[in-house]
Colleague: 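The structure under discussion is supplied below as structure tokens; questions concerning it will follow.
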2 protein chains.
Amino acid sequence: MARKKEFDPEERMEKARDLFWQKGYNATSMEDLVQTMGLNRGSIYDTYGDKHSLYLQCLGNYAAEKLREHKEAAMGTSPIEKVENMILSVVEATVNTGKCCMAVNSTFELATVDQSVHSIINNNWKDIVNFFEQLLTDAREVGEISADKDPRLLAEFIAANFTGLWQTYILSRDKKQVEKLAQFLIGMIKN
Amino acid sequence: MARKKEFDPEERMEKARDLFWQKGYNATSMEDLVQTMGLNRGSIYDTYGDKHSLYLQCLGNYAAEKLREHKEAAMGTSPIEKVENMILSVVEATVNTGKCCMAVNSTFELATVDQSVHSIINNNWKDIVNFFEQLLTDAREVGEISADKDPRLLAEFIAANFTGLWQTYILSRDKKQVEKLAQFLIGMIKN
DNA sequence: TACTATTTAGAACGTTTGTTCCAAAATATT
DNA sequence: AATATTTTGGAACAAACGTTCTAAATAGTA
């Protein structure tokens with residue numbers, strides 16, 4: 001029998017993912033990936049396929065992890081508290097790491113021209129909106145938000161606002177600014 | 001004396017701008033630009049400088065035109081009506097052309113790594129927010145929005161929501177979906 | 001009409017791109 | 001210890017990249 005892989009494919013993929021996350025798809029070269037992943041060209045092609053295929057795997061990995069993190073952040077004793085904590089957790093992660101959402105970056109760089117990318121992001125987006133919708137439906141049943149509000153629409157509104165928060169952060173690089181906007185959003189949901 | 005330019009530099013730049021708008025900076029090659037602008041390589045370099053310089057001019061041109069369009073869309077007999085019409089006009093332009101905001105695309109593709117790009121977009125962003133702020137201040141004085149609302153914060157919130165609307169449109173490609181979100185935003189502003 | 005400054009078209013430049021290939025190194029089993 | 005199988009590092013590839021350069025075409029002036 002032959003050798004086994006000397007590296008952990010998942011671990012090295014995360015290095016690639018972080019690089020794509022930071023630089024974007026087109027600005028990241030194969031040479032960059034070889035350096036950052038600490039792998040040989042051949043090993044990369046053998047393990048992940050070509051650059052585009054590797055990117056899709058990174059994006060899928062990111063999307064799955066992000067959804068998990070959203071659900072983890074949904075702590076609290078009441079549905080609306082869970083929604084609030086999810087929003088605050090996104091803001092916290094953004095200002096702590098200085099990085100915005102890879103899926104959103106990818107939306108604006110690639111989703112209009114790359115069907116595979118669009119599909120991955122859109123599914124992830126729907127998952128997140130669905131999760132919000134469930135929480136908001138619960139919140140309405142408990143009477144935390146008024147009965148005349150549409151949970152689906154509100155869920156989409158919150159998700160769309162994340163993107164607005166990220167853009168604001170990229171331009172302002174101002175932690176407090178983003179926190180203020182998030183609090184404003186939370187206030188709007190509750191009333 | 002010598003020849004004069006046979007083409008209109010501004011008109012050709014707009015062709016380049018539309019291409020960058022559609023494909024993004026990195027995915028647009030100099031060869032693409034030569035074809036689309038209908039100009040010789042030498043003429044491009046001579047008139048606009050290198051690719052990056054041409055891009056900055058396109059982005060600046062776009063930003064100025066966008067601000068002008070925003071102000072033009074601010075029609076109405078009352079301040080809040082002007083704000084509402086600005087929002088509706090953005091949605092209309094988006095679903096009619098199928099294109100989102102070039103500056104927002106650029107924000108997520110380049111603004112984190114390119115200082116010149118960041119500067120152009122940030123200034124344009126501030127101009128738009130300032131314009132909203134003025135209208136909302138007027139609206140508050142007239143009593144169209146409640147006195148406890150901060151015009152500046154509300155202005156930033158609306159501007160951030162544009163980005164959310166664009167992202168929603170890219171993913172859903174659903175005119176009605178975006179219009180619903182816009183109406184929801186307008187409702188939130190008024191209450 | 002001759003002259004001259006400038007634009008024009010496209011060849012050519014050296015890099016960098018993504019990808020493939022191959023010989024050498026390595027390891028789990030026999 | 002020998003064998004078999006796979007990984008590994010790096011050379012090699014053609015194509016595409018952004019940019020520069022040159023020679024011919026052009027048009028305003030004298």
Side-chain angles (χ1 to χ4, degrees), chain A residues 1-61 105-106 109-110 113-117 120, chain B residues 1-60 105-106 109-110 113-117:
Chain A
M1 279 295 154
R3 299 170 59 184
K4 284 181 181 169
K5 272 202 162 58
E6 289 188 351
F7 62 90
D8 177 3
E10 177 109 356
E11 175 213 325
R12 299 300 173 109
M13 183 175 70
E14 284 171 11
K15 293 196 180 239
R17 183 201 60 186
D18 289 348
L19 189 64
F20 279 131
W21 192 350
Q22 186 207 320
K23 303 189 66 171
Y25 176 73
N26 284 304
T28 302
S29 72
M30 217 57 206
E31 180 59 27
D32 290 335
L33 290 164
V34 167
Q35 298 302 326
T36 303
M37 297 173 81
L39 287 180
N40 182 269
R41 298 175 118 74
S43 304
I44 296 177
Y45 276 87
D46 186 70
T47 309
Y48 309 98
D50 64 13
K51 184 190 173 189
H52 187 255
S53 168
L54 171 58
Y55 182 77
L56 293 182
Q57 292 167 61
C58 289
L59 191 58
N61 167 290
N105 295 349
S106 191
E109 188 193 356
L110 301 172
V113 291
D114 188 321
Q115 177 54 47
S116 309
V117 167
I120 292 171
Chain B
M1 279 293 159
R3 301 170 60 184
K4 284 181 180 169
K5 273 203 164 57
E6 291 188 350
F7 61 91
D8 176 3
E10 178 108 355
E11 174 213 327
R12 300 299 174 111
M13 184 176 69
E14 285 172 11
K15 293 194 180 245
R17 182 201 61 185
D18 289 348
L19 189 64
F20 280 131
W21 192 351
Q22 185 206 322
K23 303 190 66 171
Y25 177 73
N26 284 303
T28 302
S29 72
M30 216 56 203
E31 180 59 27
D32 290 335
L33 290 165
V34 168
Q35 298 303 326
T36 302
M37 298 174 81
L39 287 180
N40 183 267
R41 297 175 117 74
S43 303
I44 296 176
Y45 277 87
D46 186 70
T47 309
Y48 309 98
D50 63 13
K51 183 189 172 188
H52 188 255
S53 168
L54 171 58
Y55 182 78
L56 294 182
Q57 292 167 63
C58 290
L59 192 58
N105 296 349
S106 191
E109 189 193 355
L110 300 171
V113 292
D114 188 322
Q115 177 55 46
S116 309
V117 167

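Chain letters run A, B, ... following the sequence lines, proteins first, then strands; residues in each count from 1.
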Colleague: Rounded to whole angstrom units, what separation is found between the CG atom of Asn40(B) and the C1' atom of dA24(D)?
Modeller: 12 Å
Colleague: Could you list the protein-to-nucleotides 14-17 of chain C atom pairs, N/O on both sides, closer than 3.5 Å?
Modeller:
none

Colleague: Atom CG of Leu39(B) to atom C1' of dT7(C): distance rounded to whole Å?
Modeller: 11 Å
Colleague: Any salt bridge (charged side-chain N to carboxylate O under 4.0 Å, His left out) pairs touching residues 42-51 of chain A, not counting sequence neighbours?
Modeller: none
Colleague: With sequence neighbours excluded, what pairs up with Arg17(B) under the salt bridge (Lys or Arg N to Asp or Glu O under 4.0 Å) test?
Modeller: Glu65(B)
Colleague: Expressed as a whole number of angstroms, how long is the span from Asn26(B):CG to dG18(C):P?
Modeller: 11 Å
Colleague: Rounded to the nearest angstrom, tell me the gap between atom OH in Tyr45(A) and atom P in dG10(D).
Modeller: 17 Å
Colleague: Could you tell me how far apart Tyr55(A) (OH) and dT19(C) (C1') are, to the nearest whole angstrom?
Modeller: 20 Å
Colleague: How close or far is atom C1' of dG9(D) from atom CG of Asp46(A), stated in whole angstroms?
Modeller: 14 Å
Colleague: How far apart are the closest heavy atoms of Tyr48(A) and Met37(A), and which atoms are they?
Modeller: CE1-CE, 3.6 Å
Colleague: At what distance, to the nearest 0.5 angstrom, does CZ of Phe20(B) lie from CG of Asn105(B)?
Modeller: 13.0 Å
Colleague: Taking atom CD of Glu10(B) as the centre, report whether more than 12 heavy atoms of other residues, nucleotides or ligands fall under 6.0 Å from it.
Modeller: no
Colleague: For Lys15(B), does the NZ atom sit with more than 12 other heavy atoms under 6.0 Å from it, leaving out its own atoms?
Modeller: no
Colleague: Roughly how many Å is it from CE in Met37(A) to C1' in dT7(D), rounded to a whole number?
Modeller: 15 Å
Colleague: Are any of Ser43(A)'s side-chain N or O atoms less than 4.0 Å away from OP1 or OP2 of dT7(D)?
Modeller: no
Colleague: Calculate the interatomic distance between Ile44(A) atom CD1 and dC21(C) atom P; express it in whole Å.
Modeller: 17 Å
Colleague: Based on the rotation axes of five pairs at each end, what angle does the helix from dT1(C)-dA30(D) to dT30(C)-dA1(D) bend through, to 10°?
Modeller: 0°
Colleague: With Ser29(A), which residues qualify under side chain to side chain donor-acceptor pair (under 3.5 Å), at least two apart?
Modeller: Asp32(A)
Colleague: Any idea which heavy atoms bring Asp114(A) and His52(A) closest together, and the distance?
Modeller: OD2-NE2, 2.6 Å
Colleague: Applying side chain to side chain donor-acceptor pair (under 3.5 Å), name anything that partners Gln22(B), two or more places apart in sequence or on another chain.
Modeller: none
